[in-house]
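Numbers here are sequence positions counted from 1.
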Amino acid sequence: MYISQVNTLLWVFCIGVLCFFQTSARMEAAYGLAITLTMLMTTILLFVYIKNIRKHMVIATLFLLCFIVIEGGFFISSFTKFSRGGYIALLLATCILMVMWIWHTGTKIEQQQIVRLPLQKYLPLFRKLQHDESIPFIADNLVFMTKDQSDTLLERDILYSIFDRGVKKAKAYWFLSVQVSDEPYTLQYRVHRIKDTQLFRVHFILGFKVNQSVNVYLRQIVQEMIQSNELKPQEVPYSIYDNQHIGTFRFCMIHKHLGAGSSISSWGRIAITLKYMIRHFAGFYPQWYGLENSSLIIEHVPLFIKQKPTNIIQRID
């Protein structure tokens with residue numbers, strides 16, 4: 001799988017290591033220690049797999065004892081090369097481990113604050129908005145990206161964006177989620193219409209080698225639903241294309257940030273701050289989903305983590 005930022009980072013590290021060691025003879029110590037560490041990690045991971053997945057505790061234990069003795073001997077002998085360049089391998093491994101820990105911890109904190117609300121409860125509010133002629137339409141199709149796979153629940157941040165951060169009225173609302181499959185070229189979707197409303201849950205199932213161009217796929221879905229009479233044709237009074245029956249699209253991207261008054265541990269604050277820095281380096285959300293040229297609404301909302309108690313300000317004459 002090709003990720004340009006990761007490929008660039010690997011190139012920078014490779015050039016840096018080559019410039020540091022300069023010759024293959026000086027690189028031998030770091031290479032040897034890296035190989036033995038890889039062997040040890042592979043053995044431990046295979047032990048965990050046999051024990052937890054295959055449920056063979058005895059076989060897993062015998063396997064671990066057998067290989068850990070052999071590879072442990074290699075590791076002890078290679079560890080003497082630590083001061084001769086082996087520390088570089090450990091340093092790089094520690095950096096990668098820290099990135100993984102930061103991402104895992106930051107994601108765990110985000111998952112803890114996600115609140116999902118029953119969509120059924122807010123259908124009267126959507127119907128009221130649809131018939132409110134005092135509020136203009138901002139688009140024919142308003143699209144939100146969500147990580148939730150449920151057809152009946154929706155993240156509070158999305159509902160808050162529609163009704164509380166400037167009312168967003170549209171002819172159809174689309175809530176999209178993307179699931180990356182283990183197959184490289186899977187290109188599937190399923191769509192669920194919420195009762196008799198113009199609210200749709202779309203679940204993309206995309207292979208890990210498929211570009212996540214959700215705007216292109218969504219237009220195809222809308223066109224197919226119009227042709228099958230699942231969706232009414234959308235009037236397009238002005239267009240340079242003939243027989244255009246698909247209206248306008250606007251994509252709303254919700255970005256979260258950690259508020260200064262959030263009650264969170266120091267390690268948790270560091271982890272989630274560093275995660276957002278890594279995510280910024282990895283690329284902007286619209287680039288991930290191929291929305292660079294789409295009509296976007298970018299909104300920033302705080303993580304709904306328990307807030308520290310605030311002091312009451314007093315009025316004086």
Give a yes or no on whether the backbone of [Y] and the side-chain of [X] come within a donor-acceptor separation of less than 3.5 Å.
X	Y	answer
S150	T152	yes
R193	T197	yes
Q22	M27	no
T248	D140	yes

Do [X] and [Y] have side chains that approach each other closer than 4.5 Å (heavy atoms only, starting at C-beta)?
X	Y	answer
L206	S181	no
I50	L64	no
E71	I44	no
F204	V214	yes
V210	Y217	yes
H203	Q179	no
F20	V17	no

What are the two closest heavy atoms between [X] and [Y], and how far apart are they?
X	Y	result
S161	K168	O-NZ, 2.7 Å
L40	G72	CD2-N, 4.3 Å
A172	F200	CB-CE1, 4.3 Å

Interatomic spacing from [atom1] in [X] to [atom2] in [Y] - rounded to 0.5 Å:
X	Y	atom1	atom2	result
Y173	Q198	OH	CD	11.0 Å
I114	D157	CD1	CG	8.0 Å
I158	E299	CD1	CD	10.5 Å
R156	Y122	CZ	OH	9.0 Å
Y276	I102	OH	CD1	13.5 Å
R269	I109	CZ	CD1	10.0 Å

If hydrophobic clusters are built by linking Ile, Leu, Val, Met, Phe, Trp and Tyr wherever their side-chain heavy atoms come under 4.5 Å apart, do [X] and [Y] end up in the same one?
X	Y	result
V48	M57	no
I138	I162	yes
W267	I278	yes
L125	F144	yes
M41	Y87	yes

Look at the aromatic rings of F67 and F63 and report parallel, tilted or perpendicular, splitting at 30° and 60°. tilted
Ring-plane angle category for F126 and F163, please: parallel below 30°, perpendicular beyond 60°, tilted otherwise.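 Rings of F126 and F163: perpendicular, over 60°.
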Within 6.0 Å of CZ in F74, more than 12 heavy atoms from elsewhere: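 Atom CZ in F74 is not packed in, count stays at 12 or less.
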More than 12 heavy atoms of other groups within 6.0 Å of N52 CG: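 Count over threshold, so yes.
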Could you go step by step and tell me if L37 and L90 meet the side chain to side chain contact (heavy atoms under 4.5 Å, CB included) rule? CA-CA 9 Å; L37 281 173; L90 290 178; 3.3 Å; yes
Starting from the C-alpha separation in whole Å, work towards a yes-or-no answer on side-chain hydrogen bond (donor to acceptor under 3.5 Å, both in side chains) for Q220 and Y189. CA-CA 11 Å; Q220 176 186 332; Y189 78 92; over 6 Å; no
Go through the steps for K275 and T105 under the test side chain to side chain contact (heavy atoms under 4.5 Å, CB included), then give the verdict. CA-CA 9 Å; K275 179 189 175 179; T105 305; over 6 Å; no
Pick out which of M145, E155, H192, R201 makes a side-chain contact (heavy atoms from CB on, under 4.5 Å) with F175. R201
May I ask you to decide whether K169 forms a salt bridge with D132, counting only side-chain N to carboxylate O separations under 4.0 Å?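 Judged by the 4.0 Å cut-off on N to carboxylate O distance, K169 and D132 do not form a salt bridge.
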Pick from R250, K171, Q234: which one makes a side-chain hydrogen bond (donor to acceptor under 3.5 Å, both in side chains) with N141?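 Of R250, K171, Q234, side-chain hydrogen bond (donor to acceptor under 3.5 Å, both in side chains) with N141 is met by Q234 alone.
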Test side chain to side chain contact (heavy atoms under 4.5 Å, CB included) on I221 and E230 and set out the steps. CA-CA 11 Å; I221 292 171; E230 298 176 81; over 6 Å; no
Go through the steps for V99 and L274 under the test side chain to side chain contact (heavy atoms under 4.5 Å, CB included), then give the verdict. CA-CA 9 Å; V99 170; L274 291 176; over 6 Å; no
